[in-house]
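This chain uses plain numbering: 1 for the first residue, then up along the sequence.
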Amino acid sequence: MRSFLVTRFAAAMLLFGALHPAQAQVKPTPADTTRKYANPGGVPSPVKAVWYKSKFVRAMAIPAVMIGYGAITAQGDAGINHRERTFVQKQFRPVSTGFDNSLIIAPYFELAAVALAGVESHNDRINILLIIAKGEAVMLASTFAVKYLSRETRPNGDDNLSFPSGHTAQAFLAASIVHTEFRDKSQWYGIGAYTIATSVAALRMINDKHWQSDVVAGAGFGIMSAHLAYLSHRNRWGRKAIGRDVGMAPMYFGNGTPGLTISWHPTH
């Protein structure tokens, strides 16, 4: 009888364990679910690029060197400015200032001519115009602010707005935009535009309007303005290219002043 009761008790305990397994097993440690949605795909987190490899630093490196050089050597009729002015005056005779006044926007004429020839630019025409507008605003604001702050006297003594060269800044801004828009098609478009811009810088020195420090810094301001325009630009019109039906062509007004005409032929 006693053995029978022991057997019944053992059977009852086994049955209780089967019906309530939580009582017969050790509870597992609950999993940490606080980060279950942090990276559901298991993709490794991208490594952030070091600061000196960022787009901004790479875009500003060359303009910063040029502007810095111009600022360091801007000593009026002294040092390297004096030597360069003496050399230029011995080698070249002054030319009409109307020539360098016209050349400052010649790279834009190249931009219009290449676009009219059917070469596809990096951006559509509406966005190119937006980039040009922003670049011009940055260039004019920065160069004239520095002119009035530096008060550098011109080599010919006309005024004290010599540093930096606005003509050179304008030409290099336009050349940088041409280079950026067509460098995927051919580097020669940029080479041609930068050749024109360099000619403007040389003419400003030949005509005794600027020191060499002025034109080097002016080139830096022009390139910087173009880079800032592109870095800050976001295509507000979406990915679909628009403005291919907008035409641009160079023109001259009655007094010989160069200009640019814009025409729009909307497609249906």
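Rounded to the nearest 0.5 Å, atoms CD1 (Ile67) and OG (Ser213) are 13.0 Å apart. Taken from CD1 in Ile196 to CD1 in Ile105, the straight-line distance is 11.0 Å, to the nearest 0.5 Å. Distance CD/Gln75 to CD/Glu152: 9.0 Å, rounded to 0.5 Å. Here the CG atom belonging to Asp214 is positioned 7.0 Å from the NZ atom belonging to Lys147, to the nearest 0.5 angstrom. Atom CD of residue Gln89 and atom CE of residue Met205 lie 9.5 Å apart, to the nearest 0.5 angstrom. Interatomic distance, Leu116 CG to Leu111 CG, rounded to the nearest 0.5 Å: 9.5 Å.
Under 3.5 Å, the side chains of Asn160 and Thr153 contain no donor-acceptor pair of N or O atoms.
Hydrophobic clustering of Ile, Leu, Val, Met, Phe, Trp and Tyr side chains at less than 4.5 Å, counting indirect connections, keeps Val216 apart from Trp211. Linking Ile, Leu, Val, Met, Phe, Trp and Tyr whenever their side-chain heavy atoms come within less than 4.5 Å leaves Val65 and Met224 in two separate clusters. When the side chains of ILVMFWY residues are joined at heavy-atom separations under 4.5 Å, either directly or via intervening members, Leu140 and Ile131 end up in a single hydrophobic cluster. Linking ILVMFWY residues whenever their side-chain heavy atoms come closer than 4.5 Å, directly or via other members, leaves Ile72 and Val146 in distinct clusters.
More than 12 heavy atoms of other residues, nucleotides or ligands shown are found within 6.0 angstrom of CD1 on Ile191.
Counting all heavy atoms, side chain and backbone alike, Pro155 lies closest to His210 at CG-C, 3.5 Å. For the residue pair Asn81 and Ala74, the shortest heavy atom distance occurs at ND2-CA, 3.9 Å. Nearest approach of Ser225 to Gly135, heavy atoms of both residues: CB-O, 3.6 Å.
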Let me check something: any side-chain donor-acceptor pairs from residues 168-182 under 3.5 Å, sequence neighbours excluded? List them with distances.
unit_1	atom_1	unit_2	atom_2	d
Thr168	OG1	Ser165	OG	2.8
Gln170	NE2	Glu136	OE2	2.7
Ser176	OG	Phe172	O	2.8
Ser176	OG	Tyr194	OH	3.1
Thr180	OG1	Ser176	O	2.8
Glu181	OE1	His122	N	3.1
Glu181	OE1	Asn123	N	2.8
Glu181	OE2	Asn123	ND2	2.9
Glu181	OE2	Tyr230	OH	2.6

Which side-chain N or O atoms in residues 91-100 pair as donor and acceptor under 3.5 Å with protein atoms at least two apart or in another chain?
unit_1	atom_1	unit_2	atom_2	d
Ser96	OG	Gly98	N	3.2
Asp100	OD2	Arg204	NH1	2.9
Asp100	OD2	Asn207	ND2	3.4

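Counting only heavy atoms from C-beta outward, the side chains of Phe163 and Thr143 never approach each other to under 4.5 Å. Between Ile62 and His227 the shortest side-chain heavy-atom distance does not fall below 4.5 Å.
By the ring pair (Phe, Tyr, Trp, His ring centres under 6.0 Å) test, Phe221 pairs with no residue at all, sequence neighbours left out. In this view, Arg85 and Asp208 satisfy the side-chain hydrogen bond (donor to acceptor under 3.5 Å, both in side chains) rule, not counting sequence neighbours. Applying the side-chain hydrogen bond (donor to acceptor under 3.5 Å, both in side chains) test to Lys209 and every residue at least two apart in sequence or in another chain returns Asp158.
The side chain to side chain donor-acceptor pair (under 3.5 Å) contacts involving residues 183-193 comprise nothing, where partners must be two or more places apart or lie in separate chains.
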List the steps and the verdict of side-chain contact (heavy atoms from CB on, under 4.5 Å) for Ile132 and Tyr108. CA-CA 10 Å; Ile132 290 174; Tyr108 285 148; 3.6 Å; yes
